[in-house]
Structures are given as C-alpha cells and as structure tokens.
There are 2 protein chains.
Amino acid sequence: MNTKDLAYFDQLIKQKNFSKVAASFGVTQPTITMAVKRLETEFNTKLFLRDRAHHELIVTDSGQQLAVHAQSILGELDIAHQELDHLTQQRIILGLPPIIENHYFPRVAARLQELGMLENIQTLEGGSVWLRNALRDGQADIALLGSAEPLSYQTLLAEEFDRKPFNIFVSAQHPLAKRKRIYFSELKGEKFVLFTSSFVHNTAFNKLTRRNHFRPDVVFRAADTHVIMNLVAENVGVSFLTDIVDQHRHDVVRLELLDDEQPAFITSIVTRTSHVLTGTQQRVLKVLRETLEE
Amino acid sequence: MNTKDLAYFDQLIKQKNFSKVAASFGVTQPTITMAVKRLETEFNTKLFLRDRAHHELIVTDSGQQLAVHAQSILGELDIAHQELDHLTQQRIILGLPPIIENHYFPRVAARLQELGMLENIQTLEGGSVWLRNALRDGQADIALLGSAEPLSYQTLLAEEFDRKPFNIFVSAQHPLAKRKRIYFSELKGEKFVLFTSSFVHNTAFNKLTRRNHFRPDVVFRAADTHVIMNLVAENVGVSFLTDIVDQHRHDVVRLELLDDEQPAFITSIVTRTSHVLTGTQQRVLKVLRETLEE
DNA sequence: ATCCGTTATAAAATTAATTTATAATAGGCA
DNA sequence: TGCCTATTATAAATTAATTTTATAACGGAT
C-alpha cells in the first residue's frame, strides 16, 4: 500500500472535496477517486458515502476509524524523516525554554565545547508546552523542560534532574522585605508582576492562589526576567519566580514560601520513547546528566 | 512510499540476508536490493553497511532508527486492517479472561441478548496479560480485564467497574474454619492450592507473602476454580481467591482478610485509545457499564 | 433546458516495481 | 593459485501500478 494514498485520504477527510484535494496535491481529480478506491479495496470496506443529493461527502464509521490510523502513520513517517535528517547531519536538536537556557545551559554548553561536541547541537527555543509537542513531532530530539508536576506522557521519556521551590521576590523597600519566609496567603492584596508566557510558572501560581482563595491583582506580565526584576525593584509589584533567576541584586529581596505541599519548578531531560540513541547522542545525554544532576 | 518496502526492510533488519528475505516474501533478490535503495533515497541516508568481508550486514544508526518507525507503521496498519474487518462484519471482539467470563459475563450476555446485540459480540478468551496485548494489537476491540493495580497503559483506556478483596478459602474441617476473619500472616506454615495461570491472583498473593516475610508452600496449582475448590474441600491446602467464585459450597469456608492495604481484584472495561467507537460499539459499552457498574 | 460543480469511468500515457540474466566481491578450500 | 560458494549489485526487459486525458453521469440552481 502506498502512503501517498493515505495522505490523499487524510486530506479528503479534512477537505471533503475530491477536486480540492487533488488541486492541493497538484494532481488531477481522478487520481483521488482512484486512491480512495484502492483503499476501499485494500480494506474491503466503503470509506465514504457520496451523497450527491445534498452535495456533501459522508465519512463512514470505517472511514473515521481509518482516518485515525492514517494520521498516526503519516505522523510516524514524518518523525522518521526528521529524525533521519538530524542523524545524517550529525545534528542533535535540543529544545530549551528560555529560562532553562539561561540558567542551566551555559554550564552544559561549556562542557560540551570542552569535549568538542557543541557543534553537533542545535538549540530550538520555545515554551515548555510548545517544545513538548515539537519533541513529540520529531522537530527536536532532546529537550530540557520545566514543569510544575513530574512529566509523564505517552510517547516521551522524562528524567528529572532538578527541582526548585518557587520564591517570592519583593522590592527592598517593600514592607515584607525584612522577612525571610512568608506564607503565600500573606500576599493577598499585593500587586503582582509575572511571566507572560511561561506555562509552568502560571500553573504553579494559579494553584497557590486557588488554594488560598484569592484573585491575584496582576498589574503586568513580561516575558523577560530582567524586566520583571526591574519592575519589582521599583516596587510596581511583587513576583513569583524560582531562584534560578538573577539572585545578585541588592534592590530585590527573595522570600521563601512556608506553605506545605508547595508546587516546584521541576526540570527534566526529555526524549521520545521511539528515539534510538546513537553513540553521539548517548554521549551528549551523559554530559547533560553529569552537568545537570550534580 | 510503499509500505511493502518497509515490510521488506523490517524483515531485512531481522534476517540480515537479502536473499532469505526475498524468499520469505516470494519475490526475487533484486527486489529487496531495490526496495532498500528506494528507502535510502527517500530518507537520503545509508541504512546498511554491506560488509562482505566478514559476510555480515551491519545496520547503521539510521537503519536502527528507521526500523523502530517501520515496526510502528506496520503495526498500525495491521491494527487498521483488523479494526476495519471487525467493523464491516459488524462484529465486536470482546476479550474475556476465564474468571471474569464466568462471573460477570452471564449478566452482560443476558442483557445484550434482550437488546438483540449479542450476535454482534464475539468473545476472545485468554489471560489478562495476553488479552491486554491482543487489545493493543487490534485482535480485540474491547476487553474486560482483571488486575491487582489500576490499569494504566500508553495506548489503552481503562475504566474500573468493580473491585473485590481477595479471600482465603479453607476446608470446613480446617482449624481456621471457625474463624470469620484472619490476618494473612496467620497462614504462615499452611499449604496452598492456587491458580496456575492467573497473573493477577499471583501478583496479589506474592505481594502478601513478601510483605509478611514467608515463602508459601504451594502444593498444587490448577487453572480451574472447581479443581481448586475440590482440593480445598479435601483439605489438601487452603486457597487465595476472590469471592466472585463459587460461594455455595458447605464443605469450604471463606475467610476475610484483616490486613491493611490489601490488594484487590480490580476489574476494568478496556479499549484502545485509537479506537473510534461506532454507534453499536457505544451501545455495547453502555450495556457493559450499566450491567457491570451496579 | 442548460449550466455548474461535483465524482466516476475508460483508455492512453507515464511511472514504478519486479524479474531475468549476469556481474562483482570475497571467503573457503583443494 | 584457481575454482567454488554465498553473497549483493546492476542493467535491460517485463509487468504492474499510477496518473492523466477526455468524457460521462449526476443532481441542484438559474
């Protein structure tokens, strides 16, 4: 069976129009008719009901079912292409969310350079959620991901390498600045300056506000830690971050949280379960583990 | 790309010999050479190193990686064939382990018959572990599985419908027969008659012996409940079963366990996540749920 | 009644896969 | 060394599969 037929079929399920599918693949319309016929013969079933009366194309139960498998097969094929591309180019695509890239990656990069392996690494940046999908879909080979819960996905293998509590950052002039530790509930009524993008921080933060029954007054969201820190220093609001960011400022004070069962910023090395590690990749992983898990 | 090429490739990975693979598919040897060439072109990589010197075929890293995907694609295709077969024959293959079939299925069957849906059901019998794989591989569509822990698998969807504690069955003449409840540790030194096949019972039993630090003296194992019960009645040994079996005997006494955190015989309705439920299948599932979860 | 947008069909053309026949390579062994 | 064997590769011929071209069929809309 030709996978091209599955691709035609997959599009037909989506577009529900033979001629348009043909056009989108740059082939003629009878090609699609024939492809569907071949699949119907191969699987010994009707895949579509051609209801010309109400000019719509009805997908049969079999069609629905095959569509799921077609997608899965085409996806797998796509991953195979990407993986083999990376392999032959001796290139490992390493997914890194910005915060992790800033805090953890410099160490790793230094070590990889010592060993002459840095040239084989190409980083791919994006939020943790986006990278998780990129990894699943074969765009990345390894990723360092942050999460509020231990990662566990069908097709991914996660190995936790660090776990940091979240802290509260306040301006040195802020009344709470004299404290060392506080309960999250004491922040009721505060103004907050938070991350805009990071899924993980928001998940953890929302969990805490919900648990403490208050709606936070978020006055600003920024994608960059320094922007947030500057705003905190100016006492525009307080922030909620891990201490992997920027501890060397005298105008900002870090407060630990005293709450039980605090969420943590968990960092993991993640790979696809279907990915076969080459020698080089195993060596890179070893370096990642040794550098990160100390 | 033709999936036939992947099938040739998959076998070549396993057999490492072009001529033999050709023979096993009933084609000539150059066909395999050409198929590999097509894949190498398609993925722009070398898949094998033909080391004629030590006459062995070396699989490259790319080859290893593609092999994983090839298997996955061929497996998916196989599942698709089976599922569509069942669909067009309006047939639902229901996997049932013997104990569940005996205890739970009669009720279900009666209800399905009332609704005229029994004829669409075909049962597939086997142990829980075997059935789990059969379900994953598309041989069955729905299964009722027993387990000692809640089921959780990558590609399967489990829905618990019952949970029964395990009991101890002793002969009416046995010293413990006067008791109603005992601790598992009191069985140290007893002879046991157990199930031979059932993974679930053994898992639970082993957990308890390990926790209570003794090596059980298993004098006999049988695949059939009645055989076990007869042996227990004759005081050949005591047994470890759920009370879904055979309570109407006067020569055998059932004892409850007093231990904390006892393992349970958990029964679940299990389906493949990739399976699209047709109307009929949804109706059958509804009957299963209604009949079983009461 | 004719036109439009659809999908199907059949023959021809094109492209792809397989076979046949044979070459090439290297080890084993007399 | 030279011949035999077990391999895999190559090239031309054959066969099979896919796609195009051209046209039909269908049913709704104008």
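Since we're looking at a predicted model, the values are computed, not measured.
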**Study point:** Within residues 2-20 of chain A, residues whose heavy atoms come under 4.0 Å of DNA chain D
**Key:**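 Those residues are K4(A), Y8(A).
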Exercise for review: Would you jot down, in residue-number order, the residues of residues 25-44 of chain B having a non-hydrogen atom under 4.0 Å from DNA chain D?
Suggested key: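 Q29(B), P30(B), T33(B), K37(B), in order of number.
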Please give, in whole Å, the distance from [N] [atom2] to [X] [atom1]?
X      : N       : atom1 : atom2 : answer
L49(A) : dT6(C)  : CG    : C1'   : 16 Å
L57(B) : dA26(C) : CG    : P     : 15 Å
E56(B) : dA26(C) : CD    : C1'   : 14 Å
M1(B)  : dA17(C) : CE    : P     : 11 Å

Ignoring hydrogens and angles, write down the donor-acceptor pairs under 3.5 Å from the side chains of residues 139-147 of chain B, residues two or more places apart or on other chains.
unit_1  : atom_1 : unit_2  : atom_2 : d
D141(B) : OD1    : H86(B)  : ND1    : 3.0
D141(B) : OD2    : H86(B)  : ND1    : 2.9
D141(B) : OD2    : I93(B)  : N      : 3.0
S147(B) : OG     : E149(B) : O      : 2.7

Test side chain to side chain donor-acceptor pair (under 3.5 Å) applied to [X] - qualifying residues, sequence neighbours left out:
X       : value
K14(B)  : D10(B)
T31(A)  : T28(A)
N133(B) : R136(B)

Practice item. Check salt bridge (Lys or Arg N to Asp or Glu O under 4.0 Å) between K16(B) and all other residues, then give those that pass, not counting sequence neighbours. Key: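 Listed in chain order: nothing, the list is empty.
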Counting only pairs under 3.5 Å, give me each side-chain donor-acceptor contact of residues 113-123 of chain B, with atom names and distances, residues two or more places apart or in other chains.
unit_1  : atom_1 : unit_2  : atom_2 : d
E114(B) : OE1    : R111(B) : NH1    : 2.6
Q122(B) : OE1    : R91(B)  : NE     : 3.2
Q122(B) : OE1    : R91(B)  : NH1    : 3.0

Practice item. Any pair with a residue in residues 18-38 of chain A that passes ring pair (Phe, Tyr, Trp, His ring centres under 6.0 Å), sequence neighbours left out, goes on the list, sorted by first then second residue, please. Key: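 Listed once each, the pairs are Y8(A)-F25(A).
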Review point. Within the side chain of E40(A), is there an N or O that forms a donor-acceptor pair under 3.5 Å with the backbone of L47(A)?
Key: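 Looks like yes, one N/O pair under 3.5 Å.
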